[in-house]
Amino acid sequence: MTHDGPADHVEQNRRFWDDEAAAWHGPLARDHWAQVEPSWGLWSTPESQVSLLPDGIDGMRAIELGCGTAYVSAWLARAGAHPVGIDLSEKQLATARAMQAEFGIDFPLVLGDAEKVPYEDNTFDLAISEFGASLWCDPCQWIPEAARLLVPGGWLVFSRYSPLFALCVPPAGPASTTLSRSQFGLTRLDWENHVEFVLPHGEMLRLLRSCGFVVEDLIEVQAPQHARDYEEVSADWAQQWPSEEIWKARLAG
């Protein structure tokens, strides 16, 4: 399964994160690292509500694809897993290293592309991405790469924007009740200075199956009452329609 879009997104997104986005996310890292219970996405959905992490996490070898400031890897390490974080942004990883020193949690951090991970086949029990590779990398590249890295029976869990959100978000401003683009051909969202990827559900299912995954769950997340608004989506919108979703899949074998 492939598509014919340009392949310039890696360098474009690297520049975006190092030049702009890392400055927004760096100040949030300490609060994320300090959390006792993981919470996911824009709406801070608690782990106890969605059970994104598989059972038996203690002792698992895990890789966080597009780790950013690596707070997800820190949560995994506290739960007894052995995580590795990979990200293409030097500035994001610099923040992650500072948090490691501050919180006394150590694990490998790799500067690199989650579409081409420098680890051997069948190395990890869990591949995870919270709006990392799952949003910023070509799914036709990073999902086969995740399959390559996992042992048979290994888990792939990721959160991303929902296809409905992608259809309703205009070139500027928050998601509306009007469809802004076609679902047919939906894959790559080219913004002014970065690129995101969102596949429709049917294409995502076919891609996961073609890579040997069995989908265990798809959770469409609803924003809680009294949630704050974001630049890209209001809480009112996300209380009526899912702006983000969680996928849980397992590699056959």
_Any side-chain to backbone donor/acceptor pair from Arg61 onto His82? Under 3.5 Å, distance only._
no
*Could you please spell out the steps behind the side-chain hydrogen bond (donor to acceptor under 3.5 Å, both in side chains) verdict for Glu64 and Ser129?*
CA-CA 6 Å; Glu64 185 184 359; Ser129 179; over 6 Å; no
*Would you say Gln222's side chain and Ala238's backbone share a donor-acceptor pair under 3.5 angstrom?*
no
*Measure the CD-CG distance between Glu244 and Leu42 for me, rounded to the nearest 0.5 Å.*
5.0 Å
*Has the side chain of Lys248 got a donor or acceptor atom that lies under 3.5 Å from a matching backbone atom of Ser51?*
yes
*Can you tell if the side chain of Pro242 reaches within under 4.5 Å of the side chain of Phe165, non-hydrogen atoms only?*
no
*For Glu37 and Ser48, which heavy atoms make the closest approach, and how far apart are they?*
OE2-N, 2.7 Å
*asked:* For a salt bridge (Lys or Arg N to Asp or Glu O under 4.0 Å) check, start with the C-alpha distance between Arg206 and Glu203, then their side-chain angles and the critical distance, and finish with the verdict.
replied: CA-CA 5 Å; Arg206 286 187 289 275; Glu203 290 192 45; 5.3 Å; no
*Is there a side-chain contact between Ile246 and Val157, using heavy atoms and a 4.5 Å cut-off?*
no
*Any donor-acceptor pair under 3.5 Å from Asn13 side chain to Val195 backbone*: yes
*Say you draw a straight line from CZ of Arg78 to CD of Gln35; how long is it, rounded to the nearest 0.5 Å?*
9.0 Å
*Distance-only, no hydrogens or angles: does the Arg181 side chain make a donor-acceptor pair with backbone N or O of Leu186 under 3.5 Å?*
no
*asked:* Would you compute the distance between atom CG of Asp87 and atom OG1 of Thr69 and round it to the nearest 0.5 angstrom?
replied: 9.0 Å
*Are there more than 12 heavy atoms of other residues, nucleotides or ligands under 6.0 Å from atom CZ of Arg209?*
no
*Check whether any side-chain heavy atom of Tyr161 sits under 4.5 Å from a side-chain heavy atom of Phe131, and report yes or no.*
yes
*Heavy-atom closest pair, residues Val221 and Thr45*: CG1-OG1, 3.3 Å
*Quick one: does Cys67's side chain get under 4.5 Å of Val72's, heavy atoms only?*
no
_According to a hydrophobic-cluster definition based on side-chain heavy atoms being under 4.5 Å apart (Ile, Leu, Val, Met, Phe, Trp, Tyr only), do Leu207 and Leu135 belong together?_
no
*Between Ser39 and Glu47, do the side chains contain an N or O donor and an N or O acceptor separated by less than 3.5 Å?*
no
*Flag if over 12 foreign heavy atoms under 6.0 Å of CD, Glu90*: no
*Do Phe107 and Phe124 sit in the same hydrophobic cluster, where Ile, Leu, Val, Met, Phe, Trp and Tyr count as joined when their side-chain heavy atoms come under 4.5 Å apart?*
no
_Quick check: is Phe16 connected to Leu111 through a chain of hydrophobic side chains (ILVMFWY, heavy atoms under 4.5 Å apart)?_
yes
_More than 12 heavy atoms of other groups within 6.0 Å of Asp55 CG_ = no
_Could you tell me if Gln141 and His9 have a donor-acceptor pair between their side chains, going purely by distance under 3.5 Å?_
no
*Indicate the atoms forming the closest heavy-atom contact of Trp43 with Ala235, along with that distance.*
CH2-CA, 3.8 Å
*Is it possible for you to say whether Leu167 and Val169 belong to one hydrophobic cluster, with membership spreading through side-chain heavy-atom contacts below 4.5 Å?*
yes
*asked:* Determine whether the aromatic ring centres of residues His194 and Trp17 are separated by less than 6.0 angstrom.
replied: no
*Donor + acceptor pair across side chains of Trp241, Thr177 (<3.5 Å)*: no
*Which heavy atom in Pro139 sits nearest to a heavy atom in Phe197, and how many Å separate them?*
CD-CB, 3.6 Å
*Between the main-chain N or O of Leu150 and the side-chain N or O of Asn122, is there a donor-acceptor pair closer than 3.5 Å?*
yes
*State, with a plain yes or no, whether a side-chain heavy atom of Ile128 is found less than 4.5 Å away from one of Leu53.*
yes
*If you take all heavy atoms of Ala146 and Leu156, which pair is closest and at what distance?*
CB-CD1, 4.1 Å
*State, yes or no, whether a side-chain contact exists between Ser73 and Ile105 at a heavy-atom distance under 4.5 Å.*
no
*Which is it for Asn193 and Glu20 under the side-chain hydrogen bond (donor to acceptor under 3.5 Å, both in side chains) test, yes or no, and what are the steps along the way?*
CA-CA 10 Å; Asn193 53 6; Glu20 299 180 43; 3.0 Å; yes
*Answer whether the closest heavy-atom distance between the side chains of Leu65 and Val117 falls below 4.5 Å.*
yes
_Distance-only donor-acceptor check, side chains Glu196 and Trp136, under 3.5 Å_ = no
*Check Pro163 against Pro200 and note the closest heavy-atom contact, atom names and distance.*
CG-CA, 3.9 Å
*Starting at NE2 of His201, measure out to CH2 of Trp247 and round the result to the nearest 0.5 Å.*
5.5 Å
_Within 6.0 angstrom of Glu231 CD, more than 12 heavy atoms from elsewhere_ = no
_Stepwise side chain to side chain contact (heavy atoms under 4.5 Å, CB included) test for Leu205 and Val215_ = CA-CA 8 Å; Leu205 281 167; Val215 175; 3.8 Å; yes
*For Tyr71 and Trp33, run ring pair (Phe, Tyr, Trp, His ring centres under 6.0 Å): C-alpha distance rounded to whole Å, both residues' side-chain angles, the deciding distance at 0.1 Å, then the answer.*
CA-CA 5 Å; Tyr71 56 85; Trp33 273 69; 8.4 Å; no
_Pair Glu145 + Arg148, salt bridge at N-O below 4.0 Å_ = yes
*Would you find more than 12 non-hydrogen atoms of other residues, nucleotides or ligands less than 6.0 Å from Arg30 atom CZ?*
no
_Euclidean distance, Ile219 CD1 relative to Leu52 CG, rounded to 0.5 Å_ = 7.0 Å
*Side chain proximity check, Asp125 to Trp155, heavy atoms < 4.5 angstrom*: no
*Out of curiosity, Ser234 OG to Gln240 CD, how far, rounded to the nearest 0.5 Å?*
8.0 Å
_Donor-acceptor contact below 3.5 Å, side chain Glu216 vs main chain Arg250_ = no
*Is Val198 reachable from Val233 through a run of hydrophobic residues whose side-chain heavy atoms are each under 4.5 Å from the next?*
yes
_Short N-O contact, Lys116 and Asp138, less than 4.0 angstrom_ = no
